[in-house]
Participant: 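Please find one structure pasted underneath; my questions will follow.
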Amino acid sequence: MEKKSYTVTAALPYANGPLHLGHIAGVYLPADIFVRFLRLQKHDVAFICGSDEHGAAITLRAKKEGVQPQEIVDKYHTLIKHSFEKFEISFDIFHRTSSELHHQYASEFFKTLHEKGAFEEQKSLQYFDATYQQFLADRYITGTCPKCQHPNAYGDQCEKCGADLSPTELINPTSTLSGNTPELKETTHWYLPMNNHEDWLREWIQKGSMEGEIIHDPKTWKNQVVGQCMSWINGGLRARAMTRDLDWGIPVPLPNSEGKVLYVWLDAPIGYISATQQWAIDNGKNWKDYWCKEEAKDRKLIHFIGKDNIVFHAIIFPILLKAHGDFILPENVPAYEFLNLEGDKFSTSRNWAVWLHEYLEHYPNKVDELKYVLTSIAPENKDSEFTWADFQTRINSELADIYGNFVNRVTVLIHKYYEGVIPSAHKLTTYDQKVLSEIATIPGKISDLLYQYKIREAQQEMMNLARIGNKYLADEEPWKVIKSDPIRVETILKVALQITEKLALCSRAFLPKTADTLLNMLQINSEDWDLTESMLISGNSIGTPTILFEKITDEWVDHEKSKLITTPITNSKYPIMKELISFEDFTKMDLRIGHVIAAEKMENAEKLLVLKVDTGIDERTIVSGIAKHYDAAAILGKKVVVLMNLAPRKIRGVESHGMLLMAENSEGELSALISDRDFDFGVTIA
RNA sequence: GGCGAGGUAGCUCAGUUGGUUAGAGCGCAGGAUUCAUAACCCUGAGGCCGAGAGUUCAAAUCUCUCUCUCGCUACCA
């Protein structure tokens, strides 16, 4: 039984930056093509998206720019929404997680799970740092070990005697944040015990079955998705805390949870549901028809995402949906790989990107061109690459030369011979019939491919219509036949126009603007994906020929490439100044020049070096995350600035006493600070 | 470090359960043509299918080792 209705989501963009072409090619454009196609197939579809506006990264960005988090999310929500509109991504709704409705529903969702016992609740007395107004994780507390009297044991463990501890056992506990004595307060944490869900997840992902019933075909899922999920499940899922200590987000809707918000897992994906609710309210629908088991029995839920989001959508969100009980589970999670740009990864921080809003501002009439190119290189099964030279080639030698030129040839000929009036067909030759039956198969081929999420190949099939058309004209040579058999030419051009018609119809999923132009010209108005009979009416006149796609010049390519290299970063690359501190605060820091007398890379760690530093008063071990910038030999013998009196901390099993001070530039590169007068090690800095 | 996914013509990518001369588009070369956006049409040349070993009558496809790329994850105060 073929299901006839769909709820399609596209990953919520995070509202702390604009969209670039990588986002578009790997999520939103494929989803939009799929949805446009489904609508033409007369499926009942809701296409849902919105901006994800919570989380620590946004608060950090707000601090950096010196504004409130709300300002950040308002700015980017608006920018992103407008970009999607101009690029004609046909969401039914583009909502936002900072909305009242979302807050309400996410809270309700949390409460339902809570009532059903989906969480493991842990009440405990936990140390609270009054200065920082936050609860302290175990490792942020040090004190004297009750077993061996070691003075610097951690809240979870004493590495001197190896004892497992809890923070309340420590004698003289100290907060490593403020250095003050923390106070004990009662707090509650809610954990999602994912380990309890391994069995059904395994069956659901590998076999597509739930409680014995097959609900999807796992063969249609991408390798990468099944592979990564099974690797997580086989590795053993762990309980994870569902709350965070943060003041920006959805407050945990339970007592004793001040200062806690719902973690992203219970926030962002619920945004799909709350967005659907808003849309349903606005359009007189029942949102449950799109999400709930009872009401949406035969509905397919599809999540379009990037590959970094696989576990989130194929394991965690399904657990939440199933634990809630009312919901259907995703039928597929088409995950796309990443798009690169001119040989390098897209990078927001390095400004190595083509920003969608800038493209749309400069080239508002080149929407379909960009869609064509991005679909051609959609990263379906592996990372792919965008270059401006390729952009030019694809538009010039494919879109313009094959598609645009074919349409132009047909319309010019009809104007030349019939003053723009559609001629009648007479007797069809076997070649005419062969061509007509060939083009009749194309919508079905595209359809098969799109149901398998193969949008590049599907778009190729659309282009094949133009190729067939060009070949038909070359074979039939109406410009020659007109001299000997003008009646025959009427049939030839009618057939050529039928190819154009089919091309226009198939283009609606991929190149909506172009399709509109063509259908308008041909005076065809159909909401169906395919037509068994042509709707062209002989005697109607078609519009004047226009150039559908202009060629991209070398200057354009050079210009865009040069912009990539020289564009300065939009926001200042210099972080804003931190809060003022008192002189007393400053003098608390003990800074000295140290001499690195031993250095080795820590095993099994990418970024860590274990250093022995002579500080004049002692030789101490410091673990430093600089391995990407200094290998052991390069730092050995160097004089470095050491923060001496930072509370010791165990890093991957090695206790680190103090830290090296490093300069960090906007690229994230590090440089050791060395005194320019070559003072000996051991001197103090003030 | 652990795990997952990739490495196929100059470029962007397909290759279904291992089976005869490894495919497409673009680019390139030659030819034909002029209705058309110096476009279209025909023909052709380009691949040690990342490296090495193994299983098999047969391997791009299965196994192992290595290597490069990307993602997730741990660790970077």
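Letters go in sequence order (proteins before strands), and every chain restarts at 1. For clarity, every value in this text was computed on a predicted model and none was experimentally measured.
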Participant: In whole Å, measure the gap between the P atoms of B/U8 and B/A14 for me.
Facilitator: 10 Å
Participant: From C-beta outward on A/Lys307, which listed nucleotide comes closest to its side chain: B/C13, B/C70, B/U73?
Facilitator: B/C70
Participant: Nearest of B/C72, B/C70, B/G6 to any side-chain atom of A/Asn223?
Facilitator: B/G6
Participant: A/Asn464 CG to B/C41 P: how many Å, rounded?
Facilitator: 11 Å
Participant: For nucleotides B/C35 and B/U16, find the distance between their C1' atoms and express it as a whole number of Å.
Facilitator: 42 Å
Participant: Could you check how far CD of A/Gln228 sits from C1' of B/G6, rounded to whole Å?
Facilitator: 13 Å
Participant: Could you tell me how far apart A/Met463 (CE) and B/C40 (P) are, to the nearest whole angstrom?
Facilitator: 10 Å
Participant: Taking the C1' atom of each, how far is B/A9 from B/G50, in whole Å?
Facilitator: 15 Å
Participant: Suppose you measure atom C1' in B/C40 against the same atom in B/U21; what distance do you get, rounded to whole Å?
Facilitator: 31 Å
Participant: Could you work out which one of B/A5, B/U12, B/C72 sits closest to the side chain of A/Gln224?
Facilitator: B/A5
Participant: Apply ring pair (Phe, Tyr, Trp, His ring centres under 6.0 Å) to A/Phe304 and A/Tyr28, showing your working.
Facilitator: CA-CA 8 Å; A/Phe304 279 84; A/Tyr28 305 104; 9.7 Å; no
Participant: Could I get the full list of side-chain hydrogen bond (donor to acceptor under 3.5 Å, both in side chains) partners for A/Asn340, not counting sequence neighbours?
Facilitator: none
Participant: Can you tell me how far P of B/A77 sits from CG of A/Leu591, to the nearest Å?
Facilitator: 16 Å
Participant: Do the numbers put A/Lys222 on top of the ring of A/Tyr336, so that NZ or CZ is under 6.0 Å from the six-membered ring centre and no more than 45° off the axis?
Facilitator: yes
Participant: Rounded to the nearest Å, what distance is computed from the CG atom of residue A/Asn340 to the P atom of nucleotide B/C13?
Facilitator: 9 Å
Participant: For A/His657 and B/A77, what is the distance between atoms NE2 and P respectively, to the nearest whole Å?
Facilitator: 15 Å
Participant: Name the closest nucleotide to the A/Arg456 side chain, picking from B/A77, B/C13, B/C26.
Facilitator: B/C13
Participant: Can you see if the side chain of A/Lys382 gets near the phosphate of B/A14 - specifically, an N or O under 4.0 Å from OP1 or OP2?
Facilitator: yes
Participant: Quick one: salt bridge (charged side-chain N to carboxylate O under 4.0 Å, His left out) pairs with a partner in residues 462-473 of chain A, sequence neighbours left out?
Facilitator: A/Lys471-A/Asp475
Participant: I'd like the P distance from B/U56 over to B/A74, given in whole Å.
Facilitator: 44 Å
Participant: Rounding to an integer number of Å, can you tell me how far A/Glu337 CD sits from B/C72 P?
Facilitator: 11 Å
Participant: Contact class for A/Arg467 vs. all strands (heavy atom < 4.0 Å): base, sugar-phosphate, or nothing?
Facilitator: sugar-phosphate
Participant: Taking the C1' atom of each, how far is B/G2 from B/A58, in whole Å?
Facilitator: 37 Å
Participant: In whole angstrom, give the distance that lies between atom CE of A/Met462 and atom P of B/G25.
Facilitator: 16 Å
Participant: Does the side chain of A/Met463 come within less than 4.5 Å of A/Phe510's, by heavy atoms?
Facilitator: no
Participant: Under a 90° cut-off about 0 for the syn range, is B/G25 syn or anti?
Facilitator: anti
Participant: Provide the distance between the two C1' atoms, one in B/G19 and one in B/G15, to the nearest whole Å.
Facilitator: 14 Å
Participant: Name the atoms and distances for all side-chain donor-acceptor pairs under 3.5 Å in residues 373-386 of chain A, with sequence neighbours left out.
Facilitator:
from, atom 1, to, atom 2, distance (Å)
A/Thr375, OG1, A/Lys371, O, 2.8
A/Ser376, OG, A/Tyr372, O, 2.8
A/Ser376, OG, A/Gln459, NE2, 3.2
A/Glu380, OE2, A/Ile455, N, 2.7
A/Glu380, OE2, A/Arg456, N, 3.1
A/Asp383, OD1, A/Lys307, NZ, 2.9
A/Asp383, OD1, A/Phe338, N, 3.0
A/Ser384, OG, A/Ile377, O, 2.6
A/Glu385, OE2, A/Gly343, N, 2.8

Participant: For the residue pair A/Thr621 and A/Val610, establish whether any side-chain heavy-atom pair is separated by less than 4.5 Å.
Facilitator: yes
Participant: By ring-ring contact (aromatic ring centres under 6.0 Å, His included), which residues pair with A/Trp232, not counting sequence neighbours?
Facilitator: none
Participant: With sequence neighbours excluded, tell me which residues meet ring-ring contact (aromatic ring centres under 6.0 Å, His included) with A/Tyr403.
Facilitator: A/Phe549
Participant: A/Lys471 has a side chain; which of B/C70, B/C41, B/A5 sits nearest to it?
Facilitator: B/C41
Participant: A/Phe406: what forms a ring-ring contact (aromatic ring centres under 6.0 Å, His included) with it, not counting sequence neighbours?
Facilitator: none
Participant: Strictly under 3.5 Å: I want the nitrogen or oxygen pairs between protein and nucleotides 15-17 of chain B, one per line.
Facilitator:
none

Participant: Set out, in order, the CA-CA distance, both residues' side-chain angles and the distance that settles side chain to side chain donor-acceptor pair (under 3.5 Å) for A/Gln224 and A/Glu337, then state yes or no.
Facilitator: CA-CA 9 Å; A/Gln224 163 98 312; A/Glu337 309 279 315; 3.3 Å; yes
Participant: Output a table of nitrogen or oxygen pairs between the protein and nucleotides 33-37 of chain B separated by less than 3.5 Å.
Facilitator:
from, atom 1, to, atom 2, distance (Å)
B/C35, O3', A/Lys416, NZ, 3.2
B/C35, O2, A/Arg409, NE, 3.3
B/C35, N3, A/Arg409, NE, 3.1
B/C35, N3, A/Arg409, NH2, 2.5
B/C35, N4, A/Arg409, NH2, 2.8
B/A36, O3', A/Asn408, OD1, 3.1
B/A36, O2', A/Asn405, OD1, 2.6
B/A36, O2', A/Asn408, OD1, 3.0
B/A36, N3, A/Asn405, ND2, 3.4
B/A36, N3, A/Arg409, NE, 2.9
B/U37, N3, A/Phe549, O, 2.8
B/U37, O4, A/Phe549, N, 3.4

Participant: Using only side-chain N and O atoms of A/Ser397, determine if any of them is under 4.0 Å from OP1 or OP2 of B/G27.
Facilitator: yes
Participant: Quick one: the dot-bracket string of RNA chain B, using Watson-Crick and G-U wobble pairs with both distances under 3.5 Å, [ ] for crossing pairs and | for bases paired to another strand.
Facilitator: (((((((..((((.....[...)))).((((.........)))).....(((((..]....))))))))))))....
Participant: For A/Tyr363, give me all partners under ring-ring contact (aromatic ring centres under 6.0 Å, His included), at least two apart in sequence or on another chain.
Facilitator: A/Tyr359, A/Trp556
Participant: Between B/C72, B/C3, B/C26, spot the one nearest the side chain of A/Ser231, thanks.
Facilitator: B/C3
Participant: What's A/Lys222 touching, base or sugar-phosphate or nothing? Going by heavy atoms closer than 4.0 Å.
Facilitator: nothing
Participant: Quick one: list whatever passes side-chain hydrogen bond (donor to acceptor under 3.5 Å, both in side chains) with A/His23, sequence neighbours left out.
Facilitator: none
Participant: Using residues 481-489 of chain A as the side-chain source, report each donor-acceptor pair under 3.5 Å to any protein atom, sequence neighbours left out, with the distance given to one decimal.
Facilitator:
from, atom 1, to, atom 2, distance (Å)
A/Ser484, OG, A/Val481, O, 3.3
A/Asp485, OD1, A/Arg488, N, 3.3
A/Arg488, NH1, A/Asp432, OD2, 2.8
A/Arg488, NH2, A/Asp432, OD1, 3.1
A/Arg488, NH2, A/Asp432, OD2, 3.3
A/Arg488, NH2, A/Glu476, OE1, 2.9

